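All values derive from a computational prediction rather than experimental measurement. Below, chain A is the first sequence line, B the second, and so on; all start at residue 1.
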Amino acid sequence: MALEKNYDPSAFEGPLYERWEKSGAFACDPDSKAGPYCIMIPPPNVTGSLHMGHALTFTVQDTLVRFKRMQGYDVLWQPGTDHAGIATQMVVERQLAQEGLDRRSMGRKAFLERVWAWKEESGGTITRQLRRLGASLDWPRERFTMDPALNRAVNKVFVQLYRESLIYKDKRLVNWDPKLLTAISDLEVEQREIKGHLWHFKYPVEGSDDFIIVATTRPETMLGDTAVAVHPEHPALKSLIGKNVRLPLVGRLIPIVGDDYADPEKGTGAVKITPAHDFNDFEVGKRHDLPKINIFDAHARLNDEVPEAFRRMDRFEARKAVVAAMEELGLLDKIEPYVHTVPHGDRSGVPIEPWLSEQWYCDAQTLAAPALRAVEEGQTNFVPAQWANTYYAWMRNIEPWCISRQLWWGHQIPAWYGPDGRIFVAHDEEEAQKEALEVYGKETALQRDEDVLDTWFSAALWPFSTLGWPEQTPELARYYPTSVLVTGFDIIFFWVARMMMMGLHFTGNVPFKTVYIHALVRDKKGQKMSKSKGNIIDPLEIIDSYGCDALRFTFCTMSTPGRNIKLDVARVEGNRNFATKLWSAARYAQMNDCRYDPKFDPDKVTQTVNQWITRETASLARGVSAHLEEYRLDLAAQEVYEFVWHRFCDWYLEFTKPVRDLAEVKACTAWVLVQILKILHPFMPFITEALWEPFVEGGSLLMKQDWPVYKMSARTEATEEINKVINIISAIRATRAALNVPAGAKIPLLVKDADAQTFEAHKELIQTLARLDSIAFTENVPRASAVDVVDGITLIMPLEGVIDFDKERVRLQKEAAKWADLAEKTAAKLANEDFTARAPQEVLEEHQERLTQARAMEEKLGTALRALG
RNA sequence: GGGCAGUUAGCUCAGUGGUAGAGCAUCUCGUUUACACCGAGAGGGUCGGGAGUUCGAAACUCUCACUGCCCACCA
């Protein structure tokens with residue numbers, strides 16, 4: 001089958017993926033004798049679609065997985081999707097709203113049916129898109145976080161943690177999202193900078209005509225104030241401690257308390273205390289035993305605790321009303337513009353409300369201790385290592401994790417309530433009923449907790465729940481702990497930390513040995529991609545335009561640890577060109593009848609160029625392996641790029657053109673090409689697989705081939721010789737270009753001080769690639785010639801009448817000056833006794849050699865200049 | 001306020017103690033039968049500033065500046 005002239009990825013990417021998948025090449029083999037290697041996919045939102053962040057992380061994972069598979073490991077890359085509680089529920093609720101429906105009126109059961117239907121409808125999108133990316137996931141093992149089996153794992157974990165008192169119910173202030181009407185965890189709160197105001201209110205002090213002035217960014221909360229705090233040592237205000245103020249608008253008498261929390265430097269030095277609506281005030285309230293007056297309903301509208309005029313008002317409406325009312329009373333002291341940060345729900349985008357409610361909590365502090373130790377002791381390593389600091393910082397100051405959500409889509413909390421409010425936490429209703437029977441002594445109707453768990457709760461179990469836990473499955477025994485977790489730093493807290501906690505607690509083992517944290521994808525200016533900025537680049541459009549391999553290779557070359565990836569389509573285009581180059585080289589090989597011979601022994605080649613390229617190939621394979629082991633995909637990819645384009649195409653194929661009919665050249669060309677396909681496969685799976693087919697017999701798959709490891713004797717003399725030839729040709733080309741010798745013109749070459757052997761052996765090569773019509777040896781530099789010196793050899797091009805000798809003189813002088821400068825610098829260094837006494841021997845030798853060489857160059861160029869006349 | 005990164009050619013980035021590199025862009029030349037999504041060549045950098053360690057610093061230490069991000073606080 002002859003290769004098409006042009007590289008057209010769209011012609012083969014789809015069919016090849018199908019072939020891989022059908023062949024079972026993605027499947028792990030738990031019975032295999034090979035060692036296990038396992039990566040758990042960070043499950044994307046089941047109803048989501050592929051964005052650049054996905055494309056990056058899955059490219060990295062697929063590259064690692066394909067490499068390991070070729071190395072002979074039994075690889076499990078576990079696929080799956082996440083139910084993504086809030087995100088998915090929001091999407092469906094938005095759909096309902098368009099139909100004029102809402103979930104509460106349709107009821108829980110009907111709503112959940114609707115969400116499941118949506119999941120069935122859109123759930124295949126992301127997995128189809130993953131296939132377009134070439135992701136070699138073990139699809140028959142696909143899991144979903146709400147699978148019945150995974151739900152059993154969730155219940156088991158919940159029940160056990162409850163019985164260990166590591167999960168409990170508590171009434172306290174939570175981050176309440178008044179739009180989504182659910183509690184959220186600290187991590188789901190996003191601080192946003194807001195240009196607001198600072199209102200100064202005068203509160204009348206009881207029994208005097210004095211006022212105490214408090215400043216606030218949230219005037220509406222004053223309706224729930226139960227104290228004013230001042231610092232116990234505040235010089236001007238401490239005398240007021242113990243007195244009361246009459247809370248305006250409300251008329252309530254509230255105390256002035258002394259508390260360290262009141263910072264004399266801030267605001268007016270006195271601070272209003274609203275224990276039910278501010279986290280700090282809540283603490284102050286506890287210290288002084290203040291009442292907590294909840295003035296908001298779930299929608300953050302004022303409730304019946306406030307004066308009638310304000311009831312039912314939305315919080316922002318109430319703000320205006322309170323300010324207006326205070327102003328009317330003459331109690332508004334002043335208003336200042338004020339920039340401050342306000343907590344917002346990361347999903348809803350509305351300011352969150354600290355709100356008193358009863359929620360389920362997980363004692364993260366207790367669970368964090370072993371998880372911290374595991375990283376400190378190196379059972380789990382972060383790559384790059386500095387991310388461990390981020391992990392430590394958060395884990396050492398971890399707060400209780402609010403795990404309940406007032407949603408319907410998710411794992412419903414396995415807790416049932418008796419008529420007296422008694423809680424029965426059980427694996428299922430039957431078990432709960434049994435417990436209730438013992439307690440009440442009779443059949444009793446139980447009511448299940450309405451709430452569901454935070455999405456990240458089930459995600460935290462992913463590394464073992466997908467492997468069948470709590471059953472002791474062969475998969476669990478074999479693939480857990482997994483080899484590496486690949487993810488972005490943005491979810492170290494959300495996910496990595498929680499998997500560590502749950503994994504250690506329930507399996508006694510870390511969930512992964514390595515956490516590889518990669519960059520985030522930005523636009524080419526380094527800005528976050530977002531819909532509102534309009535700078536989103538769709539990976540599928542890129543794949544359509546340039547092919548999947550070009551996109552993948554771009555991610556690989558740019559995934560330097562510790563840096564963001566500024567994605568510029570120009571880079572993708574450049575890598576598409578690289579793919580084209582490879583395609584074209586393969587086509588050339590095919591046209592010249594280069595067939596891969598499995599019996600070809602690279603160690604036995606006799607021609608110098610073949611000895612050279614086979615050793616270079618071996619060195620490439622070693623380099624790429626080493627870089628991949630260290631997660632330096634960037635360096636690995638760059639090394640292949642350099643080899644394929646600049647060594648194999650630019651030099652080897654050109655070198656062998658004059659002798660392309662020789663059997664050894666044909667076999668060697670095919671061999672190198674096949675090695676390139678193998679080494680490049682993890683990075684560019686499609687083009688390499690497509691090119692594999694025409695070069696080997698028997699319909700095998702490249703992705704199932706062994707990663708190349710060679711036993712080859714060193715051939716350093718071949719490398720040296722070829723490098724010398726390359727230098728000679730490059731020098732002649734540069735001289736020709738500098739002197740405007742027409743590219744088509746063939747010129748004679750005289751050489752001086754050269755070992756005849758190099759020129760004899762590679763005469764044809766040098767003549768062809770440097771476009772010479774003859775090569776001859778000489779003892780003297782003839783007059784009126786262009787000259788260059790390389791590796792001690794003087795190259796002379798008698799070009800009288802062709803070139804401008806003034807120009808040539810300037811060029812040579814510049815060149816000579818460069819070498820003289822180096823010689824001088826090196827000589828000065830060698831004259832420094834501190835240097836000669838302290839530098840290591842090999843560095844000294846290197847400098848000696850450099851000096852000799854620089855002096856020789858200087859001298860030979862001098863000779864050439866003199867000959868120029 | 002605390003922390004972590006980054007600062008190297010016009011742009012995007014490699015380079016962790018011994019003569020400053022690549023890709024893209026730019027310029028010159030070139031349709032030599034794999035490739036113009038190409039080939040050959042060239043220009044371009046006081047490695048953010050300062051100090052220190054060292055025979056020797058882009059690299060190590062300190063310090064300053066700027067950029068980005070994370071965490072916390074904000075009356």
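Aromatic ring orientation, A:Trp387 versus A:Phe489: parallel (interplanar angle below 30°, classes split at 30° and 60°). Ring pair A:Trp645/A:Tyr641 is tilted by interplanar angle, where 30° to 60° counts as tilted.
In the set B:A75, B:U19, B:A34, B:U19 carries the atom at the smallest distance from any side-chain atom of A:Glu846. Residue A:Tyr588 places its side chain closer to B:A34 than to any other of B:U19, B:A34, B:C4. Side chain of A:Tyr641, nearest nucleotide from B:C35, B:G23, B:G41: B:G23. Side-chain atoms of A:Asn577 lie closest to B:C38 of the nucleotides B:C38, B:C35, B:G41.
As judged by a 4.0 angstrom heavy-atom cut-off over every strand, A:Phe578 is placed among residues making no nucleic acid contact. Using a 4.0 Å heavy-atom distance criterion, A:Arg218 is classed as making no nucleic acid contact. Nucleic acid contact for A:Glu190: none, since no nucleic acid atom lies under 4.0 Å from a heavy atom of the residue. A:Arg850 comes within contact range of at least one nucleobase, with a heavy-atom separation under 4.0 Å. Using a 4.0 Å heavy-atom criterion, one finds that A:Pro742 contacts no nucleic acid atom at all. A:Ala579 comes within 4.0 angstrom of nothing in the nucleic acid, heavy atoms only. Base contact: A:Asp263 has a heavy atom under 4.0 Å from a base atom. Among the heavy atoms of the strands, none lies under 4.0 Å from A:Arg396. Using a 4.0 Å heavy-atom distance criterion, A:Ala570 is classed as making no nucleic acid contact. If you check every strand for non-hydrogen atoms under 4.0 Å, A:Asp568 touches nothing. Within 4.0 Å of A:Trp645, counting heavy atoms only, lie sugar-phosphate atoms of the nucleic acid but no base atom. Within the nucleic acid shown, A:Leu3 has no heavy atom closer than 4.0 Å to any nucleic acid atom.
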Which dot-bracket string fits RNA chain B when only Watson-Crick or G-U wobble pairs with both atom distances under 3.5 Å count, crossing pairs get [ ], and | stands for a partner on a different strand? ((((((((.[[[[.)..(..]]]].(((((.......))))).....[[[[[..)....]]]]])))))))....
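A salt bridge links A:Glu846 to A:Arg850: one of the charged nitrogens lies within less than 4.0 Å of a carboxylate oxygen. Taking a cutoff of 4.0 Å between a charged side-chain nitrogen and a carboxylate oxygen, A:Arg218 and A:Glu220 qualify as a salt bridge. Using a 4.0 Å cut-off between charged nitrogen and carboxylate oxygen, A:Asp593 and A:Arg595 count as a salt-bridge pair.
On the C1' atoms, B:U8 is 9 Å away from B:C13, given to the nearest whole Å. Comparing the C1' positions of B:U26 and B:A65 gives an interatomic distance of 32 Å, to the nearest angstrom. When the C1' atom is used for both B:C60 and B:U53, the distance is 8 Å, rounded to whole Å. Taking atom P in both B:C73 and B:A58, one finds a spacing of 43 Å when rounded to whole Å.
Residues A:Phe12 and A:Trp583 bring their aromatic ring centres within 6.0 Å. Between A:Phe835 and A:His847, the ring centre distance stays below 6.0 Å. For A:Tyr203 and A:Phe211, the ring centers are positioned 6.0 Å apart or more.
What separates NE2 of A:His234 from P of B:A75 is a distance of 16 Å, to the nearest Å. With rounding to whole Å, A:Leu653 atom CG is found 15 Å from B:U32 atom C1'.
Checked by distance alone, A:Arg571 brings no side-chain donor or acceptor within 3.5 Å of a matching partner on the base of B:C24. A donor and an acceptor atom never sit less than 3.5 Å apart when one is taken from the side chain of A:Glu639 and the other from the base of B:A14.
For the pair A:Lys334 and A:Phe201, the cation-pi criterion (under 6.0 Å, within 45° of the ring axis) is not fulfilled.
OP1 or OP2 of B:G15 has at least one side-chain nitrogen or oxygen of A:Arg632 nearer than 4.0 Å.
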